There are 2 protein chains.
Amino acid sequence: MNIAIVEDDPLLRENLKLLLSGEKNITILGAWGSAEEALPAFKKLSFDIMLVDLGLPGMSGIELIKKIKEGRPEIEIMAHTVFEDRNNVFSAIKAGASGYILKGSSPRELIEALHSLYQGGAPMSPKIARKLIMEFQDEGASEEYLLSHREKEIVKCTENGLAYKEIAEKLSISPHTVHTHIKKIYEKLHVKNRQEALTTARKKGII
Amino acid sequence: MNIAIVEDDPLLRENLKLLLSGEKNITILGAWGSAEEALPAFKKLSFDIMLVDLGLPGMSGIELIKKIKEGRPEIEIMAHTVFEDRNNVFSAIKAGASGYILKGSSPRELIEALHSLYQGGAPMSPKIARKLIMEFQDEGASEEYLLSHREKEIVKCTENGLAYKEIAEKLSISPHTVHTHIKKIYEKLHVKNRQEALTTARKKGII
DNA sequence: CATTAAATACCCCTTTAAGGCGATTGTATA
DNA sequence: TATACAATCGCCTTAAAGGGGTATTTAATG
C-alpha cells in the first residue's frame with residue numbers, strides 16, 4: 001500500500017519514513033512538512049493512505065483532510081497526533097479520518113493500524129475509541145452537556161437579543177467575559193455567529 | 001377630579017392650566033415640563049388623572065405612562081399629542097393610556113374627554129377610534145400585513161443568517177436598500193436587532 | 001390632485017460583533 | 001502533581017450592524 005506522510009516535526013517525519021519503509025507491503029511515496037507543501041505534490045500522486053498530523057503550522061490537518069476527501073474520497077486518512085480532546089477527535093473524524101492514532105503509540109501499533117485501515121478497518125488508540133463509544137452511550141446527553149451551565153445561560157440571553165453589555169449587566173460580569181464565553185460557544189458548536197449558534201442550539205435541544 | 005399635567009411646551013402648558021382650572025369639578029394639582037421633573041413631584045401627590053404629552057424631551061411620554069401605571073395603576077391616563085400614527089397610538093394604549101386626544105381638538109372636547117375618562121370611559125379623537133376598530137376588524141391580518149412582501153422576504157433572509165451584502169446579492173438590490181428595509185422592519189416590530197426581530201416575527205406568525 | 005406607502009439608493013456616524021492574542025484563578029481529576 | 005476545564009478579565013483589530021438623515025419613483029387611495 002502506498003502512503004503519503006504530512007508531519008511538521010522533521011525528526012519524527014524522517015523516523016516515520018524509515019520505520020515504515022522497512023515494512024513489507026508498505027511504500028512511502030513522500031513526506032511533507034505542511035499542508036501547503038503537500039497539496040500541490042498530491043495532485044500528481046496516487047496513494048492509498050495519508051498519514052497526517054493534526055497540529056500542522058498554517059493550514060491545519062483537519063482542513064487538509066477535508067480538502068483531500070472532497071477531491072479524492074477513496075483515499076483513507078490516518079490521523080496521527082498528540083491531541084486527544086473531544087473537538088480534535090470529532091473534527092478529524094467528521095472531516096473524513098477513518099483512523100486516529102495518538103503519538104504515544106508504539107511503532108508496532110502504528111503499522112498494524114495502517115494495515116487495518118487499508119483493509120477497511122477503523123483503527124484507533126484505546127483512549128480515542130473510548131471517547132467515541134462514550135459519545136454514543138451518552139447520546140443527547142453529550143450534546144446537552146456540550147455547553148457549560150454558564151454558556152447555556154449566555155446562549156439563552158442571546159436568544160432574547162441581548163447585547164454583550166446587557167448580558168454582562170444581567171449576569172454581573174464583564175462584557176469581556178461575555179465575549180470570551182461566546183467565542184467558546186461558537187467554537188464548541190462549530191458556528192461563527194448568533195444566528196447559526198441559535199439554530200444549532202435549537203436543533204441539538206440545548207435551549 | 002384632580003389632574004396632573006405633563007407638557008413640554010410652556011405656552012400650551014399654561015393655557016391648559018388656565019382652561020381646565022376654570023372648570024367646575026376639576027382641580028389642577030400641577031403642571032410639569034418633563035417626565036424627569038414630574039416623577040419626583042408625583043411621589044408626594046395624589047391625583048386621579050394624568051394629562052400627558054407623548055412628545056416629551058428626555059424620557060418619552062410612553063415611558064412615563066408605563067412608570068406611573070406600574071406603581072399606581074388606579075391613575076387614569078389621558079394622552080394628549082399630535083401623533084396619530086399607529087405606533088404611538090398603540091404604544092400609549094399598551095403602556096396604559098385610556099384616553100387619547102389629538103392636540104387639534106377643541107377645549108370643549110378635551111374637557112368632555114376628561115370627564116368621560118373620570119367616569120370610566122375611554123375617550124379618544126375620532127381618527128384614533130377609527131384606527132383602533134380597524135385594528136380589530138383586521139385581526140390577525142394587521143399583524144401579517146404589518147410587514148410588506150419585500151420586508152418579509154428580508155426577514156426570512158436574516159433568519160438564515162445572511163449579511164446585508166448577501167441579502168442584497170440574493171435580491172439583486174443595493175446593500176443600502178437592505179439597510180433601509182431592515183430599519184423599517186425594526187421600527188414596525190418595535191425591536192432593535194436581529195434576534196428580537198426574529199423572535200417577534202415568529203411570535204406573530206409572520207415567518 | 002394631494003397624500004401615503006413601498007421600494008429603491010445614498011450619506012453620515014456610532015456601536016457591536018467577532019476573531020486573535022494572552023492571562024489568572026479555582027476545581028476536579030487522571 | 002500535572003493536566004484539563006470552567007470562569008473570569010483584558011487588549012487589539014476589522015467588519016458588520018444599526019441609527020439618523022435625505023431623496024426619487026411608482027402605485028394606490030381618499
Side-chain angles (χ1 to χ4, degrees), chain A residues 57-58 60 82-89 102 104 125-128 130-131 134 142 145-155 157-198, chain B residues 60 83-87 126-127 130-131 134 138 142 145-155 157-198:
Chain A
S60 75
V82 292
F83 302 127
E84 55 183 276
D85 61 284
R86 189 188 174 285
N87 283 346
N88 270 294
V89 173
L102 293 177
S125 299
K127 274 190 177 180
I128 303 302
R130 169 59 59 95
K131 278 187 194 294
M134 274 169 60
S142 69
Y145 295 124
L146 212 173
L147 298 188
S148 71
H149 173 71
R150 198 54 152 179
E151 287 162 353
K152 275 187 272 185
E153 263 186 312
I154 287 174
V155 169
C157 288
T158 69
E159 193 183 18
N160 296 325
L162 298 186
Y164 287 7
K165 277 187 193 171
E166 296 169 323
I167 300 173
E169 256 183 71
K170 191 172 178 182
L171 303 182
S172 302
I173 55 177
S174 155
H176 294 294
T177 307
V178 176
H179 185 192
T180 307
H181 281 307
I182 286 184
K183 280 186 285 190
K184 193 82 189 166
I185 291 166
Y186 290 175
E187 191 189 326
K188 285 184 175 179
L189 299 180
H190 311 295
V191 298
K192 60 181 202 297
N193 60 41
R194 292 183 166 218
Q195 267 71 38
E196 288 186 70
L198 289 174
Chain B
S60 75
F83 302 127
E84 55 184 270
D85 60 285
R86 188 187 173 285
N87 285 345
K127 273 190 177 179
R130 171 58 61 95
K131 278 187 194 293
M134 275 170 59
D138 292 347
S142 70
Y145 294 122
L146 211 172
L147 298 188
S148 70
H149 173 71
R150 199 54 153 176
E151 286 162 353
K152 277 188 271 185
E153 263 187 312
I154 287 174
V155 169
C157 288
T158 69
E159 193 183 17
N160 297 324
L162 297 187
Y164 287 8
K165 278 186 195 171
E166 295 169 323
I167 299 172
E169 256 182 70
K170 190 170 179 181
L171 303 181
S172 302
I173 55 177
S174 154
H176 295 294
T177 308
V178 176
H179 186 190
T180 306
H181 281 307
I182 285 184
K183 282 187 287 188
K184 193 82 190 165
I185 292 166
Y186 291 175
E187 192 190 325
K188 284 183 175 180
L189 298 181
H190 313 294
V191 298
K192 60 181 203 300
N193 59 43
R194 291 180 166 217
Q195 269 67 41
E196 285 188 78
L198 289 174

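Numbers restart at 1 for each chain; the letters A, B, ... are given by sequence-line order, proteins then strands. Every value quoted in this text rests on a predicted model; they were computed, and no experiment measured them.
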Can you name the nearest heavy-atom pair linking B:Glu151 to B:Leu147, along with the distance? OE1-CA, 3.4 Å

Which nucleotide sits closest to the side chain of A:Ile173: D:dT8, C:dA9, D:dG19? D:dT8

Stems where DNA chain D pairs, listed by first number, each of three or more Watson-Crick or G-U pairs under 3.5 Å: C:1-30 with D:1-30

Assign each of B:His181 and A:Tyr164 the nucleotide of DNA chain C bearing its closest heavy atom; nearer the 5' end lies the nucleotide of B:His181

If you pin A:Lys184 and A:Val178 to their nearest nucleotides in DNA chain D, which one's is more 5'? A:Lys184

Contact class for A:Thr177 vs. all strands (heavy atom < 4.0 Å): base, sugar-phosphate, or nothing? base

Nearest whole angstrom, please: distance from the C1' of D:dA17 to the CD1 of B:Ile154. 14 Å

Provide, to the nearest angstrom, the distance between the CG atom belonging to B:Leu162 and the P atom belonging to C:dA17. 19 Å

Take the protein atom CD1 of B:Ile167 and the nucleotide atom P of C:dA7, then report the distance between them rounded to whole Å. 15 Å

Tell me which nucleotide among C:dA18, D:dA17, C:dT16 gets nearest to the side chain of A:Asn193. C:dA18

To the side chain of B:His179, which of C:dG19, D:dG19, D:dA6 is closest? D:dG19

May I ask you to verify if any side-chain N or O of A:Thr180 is less than 4.0 angstrom from the OP1 or OP2 atom of D:dA7? no

Ignoring the backbone of B:Arg150, work out which of C:dA17, C:dT8, D:dC9 is nearest its side chain. C:dT8

Of the nucleotides C:dA18, D:dG19, D:dA7, which one has an atom closest to the side chain of B:Lys183? D:dG19

Expressed in angstrom and rounded to an integer, what is the separation of A:Leu147 atom CG from D:dC5 atom P? 15 Å

